[in-house]
Amino acid sequence: LRAELTEAVEAAPDLAALDEVRVAALGKKGRVTALMKSLGGMDPEQRKAFGQEMNRVKDAVARTIEQRRATLEAAALEDRLQHERIDVTLSARPEGTGSIHPISQTWDEVVAIFGQMGFAVAEGPDIEDDFHNFTALNFPPDHPAREMHDTFFLPERPDGSRHVLRTHTSPVQIRTMLSQKPPIRVLAPGRTYRSDSDMTHTPMFHQVEGLVIDQATHMGHLKGCLQEFVEAYFEVDDVPMRFRPSFFPFTEPSAEVDIGCSRKDGDLRIGAGDDWLEILGCGMVHPNVLRACGLDPAEYQGFAFGVGLERIAMLKYGIPDLRTFFESDLRWLRHYGFGA
Ligand code: PHE
């Protein structure tokens with residue numbers, strides 16, 4: 001029996017087969033166990049001799065099984081080591097990664113371009129008071145110019161004043177001139193709000209304000225600065241620019257700037273062409289604005305401009321509907337090359 005069982009143990013090809021052999025020999029209904037049970041029916045002399053022999057067999061079989069198990073486990077481990085090797089130099093499976101929203105990309109790009117020209121970033125709050133959003137910017141009280149902007153008003157305060165969601169980034173001009181001495185060269189990107197919604201208007205949108213104040217600043221500087229910006233941003237050389245007289249209460253003279261473009265089969269191309277696109281408002285800072293900020297217009301002057309971020313992003317990437325910027329549709333982001 002011992003020889004037979006040992007042979008069966010050695011022949012077991014894997015751990016599962018080995019376990020079957022173990023159960024068949026040493027299990028509750030195993031052959032060794034059955035023989036042990038038969039001890040009860042023997043006389044004392046025989047039982048002693050047979051019992052000792054059976055214990056030896058049982059121990060010997062158990063030992064062989066353990067040895068075999070160790071061998072098989074080692075082989076199984078070796079097998080796994082051979083087959084489950086991981087190549088850590090393989091590249092990872094592609095996973096959807098996040099990406100920067102086009103507005104944020106445009107924002108960063110504009111800040112970088114003006115940063116090269118020496119502009120520092122300035123900030124102001126989204127919730128403004130009447131003084132910074134209108135009065136200091138030379139909007140007379142009850143002047144219709146205030147209605148140019150479809151203003152969102154906040155509830156009246158105990159002192160009767162009403163704060164607004166800023167309708168443009170121009171209030172940052174005021175905050176900057178009140179808090180630092182010229183020469184000033186700042187860029188103020190930020191959110192702006194107007195109660196309006198259609199293909200080209202959303203209640204919240206973004207502007208970038210530029211402000212330069214110094215002792216001999218003139219419109220030529222303004223033109224050169226904007227020309228440089230337009231060519232860097234649209235990545236086109238010699239873009240024709242047209243300064244159209246316009247009106248803003250806080251600049252005099254004021255202009256709206258158009259850039260040259262051509263349209264072929266609905267395809268918009270920035271650069272020399274037979275058409276014009278309006279891209280921003282600008283002008284020389286109005287003396288009343290300088291005075292409101294404690295600056296003497298005889299000593300200082302400068303220029304300001306305001307660009308719609310969505311507007312220039314739409315032109316660059318050919319996006320027709322402004323509202324789609326704020327719908328968080330991944331298919332839209334991928335379509336314009338912004339998604340992962
Ligand atoms: N604040 C103006 C607007 O919202 C733009 C502008 C800024 C015009 C600075 C002139 C100078 O339309």
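Read the numbers this way: they start at 1 and go in the same order the structure lists the ligands and their atoms.
For atom 9 (C) of ligand 1, the nearest non-hydrogen atom of the protein is Glu209 OE2, 3.2 Å. Regarding atom 2 (C) of ligand 1, its nearest protein heavy-atom neighbour is Phe250 CZ, 3.7 Å. When hydrogens are left out, the protein atom nearest atom 5 (C) of ligand 1 is Gly306 CA, 4.0 Å; that is the closest non-hydrogen contact.
Partner Met284 forms a side-chain contact (heavy atoms from CB on, under 4.5 Å) with one of Met219, His221, Glu252 and no other, that one being Met219.
In terms of polar-atom proximity, Gln207 is counted as a contact of ligand 1, with an N or O under 3.5 Å from an N or O of the ligand.
Atom CD of Glu73 sits in a crowded spot, with more than 12 heavy atoms from other residues, nucleotides or ligands closer than 6.0 Å. Other residues, nucleotides and ligands contribute only 12 or fewer heavy atoms inside 6.0 Å of the CD1 atom of Ile127.
For Ser170, every heavy-atom contact with ligand 1 shorter than 4.0 Å involves the side chain, none the backbone.
Residue contact check for ligand 1: Arg194 places a non-hydrogen atom closer than 4.0 Å to it.
Less than 4.0 angstrom separates some heavy atom of Phe305 from each of these atoms of ligand 1: 7 (C), 9 (C), 11 (C). Within ligand 1, counting atoms from 1 as listed, the ones closer than 4.0 Å to a heavy atom of His168 are 1 (N), 4 (O).
The distance between the ring centers of Phe248 and His168 does not fall below 6.0 angstrom. In this structure, Phe326 has its ring center no closer than 6.0 Å to that of Phe205.
Residues Ile65 and Leu26 are in side-chain contact: their nearest non-hydrogen atoms beyond the backbone lie under 4.5 Å apart.
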